[in-house]
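Here is the structure we will look at, set down as structure tokens.
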2 protein chains.
Amino acid sequence: MIEHCLINDLLKAVVRAGHSNTRARRAVLRALCEADGQATPIQLLALGRAHLPSLGLVTVYRTLDILSELGLVRKLHLDEGCSTYALSPAGVQQTADDVRTLAASAHAHSHHVICQRCRRAVEFAGCDIQMLVDAVEMQTGYRVTEHWLEMFGLCPDCQARGAAAGEV
Amino acid sequence: MIEHCLINDLLKAVVRAGHSNTRARRAVLRALCEADGQATPIQLLALGRAHLPSLGLVTVYRTLDILSELGLVRKLHLDEGCSTYALSPAGVQQTADDVRTLAASAHAHSHHVICQRCRRAVEFAGCDIQMLVDAVEMQTGYRVTEHWLEMFGLCPDCQARGAAAGEV
DNA sequence: GTGATTGCAAATCGTTTGCATTCAG
DNA sequence: CTGAATGCAAACGATTTGCAATCAC
């Protein structure tokens, strides 16, 4: 689970954006942190109901929408479906800053490495593919303004587990 | 619309993989070519029904599944949804070759540039991000085995149209 | 008190499955 | 003729919407 203070940072950002501080929203944020910042709406509902049994799935979706607009959360595109949300580190670091700054970067490119076995995703910093972008622009005639990159593999834990079990 | 002979190439590959040459499948392939190799299942149904009114959506899905297994078509992950399929150039060029070769590469990484205005996607060749992969492995501890990259921007046509209209 | 927020039920959308009919080889 | 393929209807899972009750401020 992610540090407790993060919940308050997220909440602060949500409130600053003009939304109110409600019990249901707190439950969703708490669930998101307990899931290490990464879960599907259904998983968040289950986690959130542990603290607020009356929590509804609709509210989970609506809260994710808000977080998404603020750039605090991102949708991951996995092959099996595109309904996993992950906390955006960029957002986490800046929750104390101006919300508008965040919103502006909400749709910038995001980059995750995703474990093929346990599904855990980590956002990585620094993405220098400008050379590749240039090459593609030349090759295709497109003017490229954004890109979206995801890597897949095994996280450290699963590498260890795999080795122990003698697999892969 | 894509050259007519392509339909036959695709069909040939499907037959070679052990599936039969049916009227419905021909209609779907034809639709795919008419859509310049890029469409959603619903769009393919509409196009296909122009030639075979009895065509069912289920068959469109099943045909896309086959093409997908053979690596002849790929699913694009757009932000609005992940249900657009695009012909894979690699597949197109190799339809005459051994189908097993194709199937083996079906799940390799795919790379598209997608126009943000007209949604047209082009697959680009050559992807040299090994350095980036190395950096990410070092940074995160993950062992990266695959990656998935998409670029977004404006295609040549839409750049021209935008300039003419005085926009963007 | 008032408008925002909630949660339910129902609608909607995309996709898959069961099954009887039809077709290709 | 026989198994593969089709298309319909229905099931299904994920997401959205209408609406009355509730809550935050």
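What's counted below: heavy atoms across the whole structure, side chains too, no hydrogens, waters or symmetry copies. Below, read A as the first sequence line, B as the second, and so on, with proteins coming before strands; counting in each chain starts at 1.
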Legend entry - Pairing residues for A/T140 by the side chain to side chain contact (heavy atoms under 4.5 Å, CB included) criterion, not counting sequence neighbours: A/V136, A/Y142, B/V113, B/V122, B/F124
Inset, instruction - May I ask whether A/V73 and A/I42 are part of the same hydrophobic cluster, defined by side-chain heavy atoms of I, L, V, M, F, W, Y residues being less than 4.5 angstrom apart, directly or through others? - result: yes
Inset, instruction - Work out how much the helix from C/dG1-D/dC25 to C/dG25-D/dC1 bends between its end axes, five pairs an end, to the nearest 10 degrees. - result: 30°
Legend entry - Closest approach of A/L132 to B/M151 (non-hydrogen atoms, all atoms of both residues): CG-CE, 4.0 Å
Inset, instruction - Mind listing the closest non-hydrogen atom pair of A/L72 and A/A13 along with its distance? - result: CD1-CB, 3.9 Å
Legend entry - Along DNA chain C (nearest heavy atom to each residue), the more 5'-positioned of B/R62 and B/T22: B/R62
Legend entry - All side chain to side chain contact (heavy atoms under 4.5 Å, CB included) counterparts of B/L47, not counting sequence neighbours: B/A31, B/E34, B/A35
Inset, instruction - Working to the nearest 0.5 Å, report the span between CZ of A/R30 and CZ of A/R23. - result: 11.0 Å
Inset, instruction - Provide the closest heavy-atom pair for A/P156 versus B/G141 in the form atom of the first, atom of the second, distance. - result: CG-O, 3.4 Å
Legend entry - Gap separating the CZ atom of B/R26 from the CG atom of B/N21, nearest 0.5 angstrom: 4.5 Å
Please list, one pair per line, the donor and acceptor atoms closer than 3.5 Å that link side chains of residues 52-65 of chain A to other protein atoms, with sequence neighbours excluded.
from: A/T63; atom 1: OG1; to: A/T59; atom 2: O; distance (Å): 2.8

Inset, instruction - Shoot me the first and last contacting nucleotide of DNA chain D against chain A, ordered 5' to 3', at under 4.0 angstrom to non-hydrogen atoms. - result: D/dA14 to D/dC25
Inset, instruction - Describe the nucleic acid contact of A/R49 in one word from base, sugar-phosphate, nothing, applying a heavy-atom distance below 4.0 Å. - result: sugar-phosphate
Legend entry - Pairwise side-chain contact, B/L10 with B/V14, heavy-atom cut-off 4.5 Å (strictly under): no
Inset, instruction - Please check if the side chain of B/R25 supplies one atom and the backbone of B/S20 the other of a donor-acceptor pair under 3.5 Å. - result: yes
Inset, instruction - Have a look at A/R25 and say if it touches a base, only the backbone sugar-phosphate, or nothing, with a 4.0 Å heavy-atom cut-off. - result: sugar-phosphate
Inset, instruction - Check every nucleotide of DNA chain C for an atom under 4.0 Å from a heavy-atom of chain B, then give the first and the last such nucleotide from 5' to 3'. - result: C/dG14 to C/dG25
Legend entry - Test log, rule side chain to side chain contact (heavy atoms under 4.5 Å, CB included), inputs B/L32 and B/V28: CA-CA 6 Å; B/L32 193 54; B/V28 175; 5.5 Å; no
Inset, instruction - Go through residues 52-61 of chain A and report each residue with a non-hydrogen atom lying under 4.0 Å from DNA chain C, sorted by number. - result: A/S54, A/L55, A/G56, A/V58, A/T59
Inset, instruction - Evaluate the side-chain proximity of A/D9 to A/K12: yes if any heavy-atom separation is below 4.5 Å, no if none is. - result: yes
